[in-house]
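See structure below.
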Amino acid sequence: SIVTGFLLMDYLGLVAVGTLLVVAGIACTILLIAALDIPLREKLQRASLAAAIGLAAAIAIPKLSGSVLENLQWKGASYAERFVDVVENRSGIITVTEDGAVYGHGMYDGRFNTDLMHDSNGIVRPYALSLFHPAPRDVLMIGLSSGSWAQVIANHPDVASLTIVEINPGYLTLLARSPQVASVLANPKVTIVTDDGRRWLRENPSRHFDAIVSNTTWHFRASVTNLLSVEFLELVRRHLSPGGVFFYNATDSARVQRTGCLAFAHGARFTNHMVVSETPIAWNFQRWRRTLESYRIDGRPVFDPARQADRDQ
């Protein structure tokens, strides 16, 4: 199990590992047959049968398992979608549907989209950073997922550095294959660290940020208290510069919102996110508008003043 879970799964997918285990089991069977105290002819017959079964399994399992991940994800539901991209490693399985939705460990994890005019993934949230902070120069982001949020924050006109802590290196592979966000991997402002968010914060007590951002996963998932508890919020607070804000997803949980407001002196909700700080939060819509007007991603303006639809927005 150690070899399978910690070694093979970094190089082989679920189906390939399953096929390999079946073949390995057949090989063990042949070795046991060879050790039996029976006539040679019978040994050869049994070994030949085992080898035939192993060969049939090696051919049949991949062919019959083409949709195994979709079946595990959707369980035959009418709204099932096909996966167009899959990244598998020992940290988990990441899948992408045809419409750009990303699933990590079988749970919705974001979507490839940085277009504020066609906001299919709540991308207005990372664009809103200037609404809460006058100059977010140094930003920490916990979790990478589709990279859409990273792309938006890295191209913020005021951001000088963006440190991203992501526990699953598979997302880097995913981003490299996605033109809309691939450039974030080469952005000189961006530093990506493969680590657990809590561990990285504990091991870097001297690092401080104007804003810490976390598009935190669903509040009902196992172990999510590691990212929503008072203890974690206190850990985050020690890494905020004076006037810094922590902006994180409450996934519409009233308990998460209450915890944030109890842990920090000031707190408010923006869509389904909480923004908390030890100093009063200065909501400045004019500053936000100026920032959006100067926003560019990969050299292209987020808003085009020449278009009536953009001016209306």
Side-chain angles (χ1 to χ4, degrees), residues 6-19 62 65-74 79-123 125-127 139 141-156 159 162-197 213-217 249 295-300 302:
F6 287 90
L7 180 61
L8 292 181
M9 285 189 173
D10 256 349
Y11 300 96
L12 301 175
L14 181 65
V15 174
V17 169
T19 304
S65 303
S67 301
V68 66
L69 294 179
E70 285 88 347
N71 293 336
L72 289 171
Q73 171 81 27
W74 309 113
Y79 51 81
E81 299 181 68
R82 187 175 68 88
F83 294 140
V84 296
D85 199 359
V86 177
V87 176
E88 299 182 66
N89 58 31
R90 68 184 182 188
S91 298
I93 300 176
I94 308 166
T95 55
V96 183
T97 62
E98 291 179 303
D99 63 355
V102 179
Y103 291 84
H105 307 285
M107 295 293 291
Y108 176 77
D109 207 18
R111 189 181 298 271
F112 290 110
N113 176 57
T114 59
D115 188 352
L116 192 53
M117 296 299 294
H118 301 90
D119 191 354
S120 60
N121 58 338
I123 201 66
R125 293 169 292 177
Y127 277 113
V139 180
M141 191 167 76
I142 300 173
L144 182 59
S145 187
S146 71
S148 300
W149 279 54
Q151 184 75 298
V152 170
I153 295 174
N155 285 276
H156 188 294
V159 169
L162 172 62
T163 302
I164 302 170
V165 181
E166 170 56 55
I167 197 170
N168 187 345
Y171 285 103
L172 302 181
T173 303
L174 193 68
L175 265 62
R177 299 201 289 246
S178 307
Q180 190 169 175
V181 295
S183 62
V184 77
L185 299 176
N187 192 316
K189 296 182 182 180
V190 176
T191 300
I192 301 177
V193 180
T194 302
D195 201 350
D196 172 75
V213 178
S214 176
N215 192 5
T216 316
T217 189
N249 200 340
Y295 231 111
R296 279 168 171 71
I297 294 180
D298 290 338
R300 296 186 297 273
V302 171

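With N71 contributing its side chain and W74 its backbone, the two residues share no donor-acceptor pair below 3.5 Å. Put simply, the side chain of E166 gets close to the backbone of L144: a donor and an acceptor are under 3.5 Å apart. Between the side chain of D119 and the backbone N or O of N121, at least one donor-acceptor pair lies under 3.5 Å. A donor-acceptor contact shorter than 3.5 Å links the side chain of Q73 to the backbone of G106. A donor-acceptor pair under 3.5 Å links the side-chain atoms of T216 to the main chain of S214, judged by distance alone. Side chain of T194 to main chain of P169: no donor-acceptor pair is present (N/O by atom type, distance under 3.5 Å, no hydrogens or angles).
Relative ring orientation between F83 and Y103 is described as tilted, the plane-to-plane angle lying within the 30° to 60° band.
With sequence neighbours excluded, the residues forming a side chain to side chain contact (heavy atoms under 4.5 Å, CB included) with L185 are L172, L175, A176, I192, listed by chain and number. Evaluation of the side chain to side chain contact (heavy atoms under 4.5 Å, CB included) rule for S178 yields F112, V181 as partners, not counting sequence neighbours. Scanning for side chain to side chain donor-acceptor pair (under 3.5 Å) contacts around N215 gives N249, with sequence neighbours left out. For the side chain to side chain contact (heavy atoms under 4.5 Å, CB included) test, residues two or more places apart in sequence or in another chain that qualify with D298 are Q151, S183, R300.
Nearest heavy atoms, A154 versus V184: CB-CG2, 4.2 Å. Between N168 and G92, the shortest heavy-atom distance links the atoms ND2-N, 4.2 Å. Closest non-hydrogen pair, D109 versus G104, comes out as CB-N, 3.7 Å. Scanning both residues, V102 and S145, for their nearest heavy atoms gives CG1-OG, 4.4 Å.
Side chains of V302 and Y127 form a contact here, defined as non-hydrogen atoms less than 4.5 Å apart. Side-chain contact between S91 and I167 is absent, with no heavy atoms from C-beta onward closer than 4.5 Å.
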Assess the residue pair I123 and W149 against the criterion (side chain to side chain contact (heavy atoms under 4.5 Å, CB included)); give the C-alpha distance rounded to whole Å, side-chain angles, the decisive distance to 0.1 Å, and a yes or no.
CA-CA 7 Å; I123 201 66; W149 279 54; 3.9 Å; yes
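Residue pairs that meet the salt bridge (charged side-chain N to carboxylate O under 4.0 Å, His left out) test with at least one member in residues 180-197, sequence neighbours left out, are D195-R199. A salt bridge (charged side-chain N to carboxylate O under 4.0 Å, His left out) check over residues 91-100, counting only residues at least two apart or in different chains, returns the pairs R82-E98, D99-R111.
Within the model, atoms CD of E88 and CG of L12 stand 9.5 Å from one another, a figure rounded to the nearest 0.5 Å.
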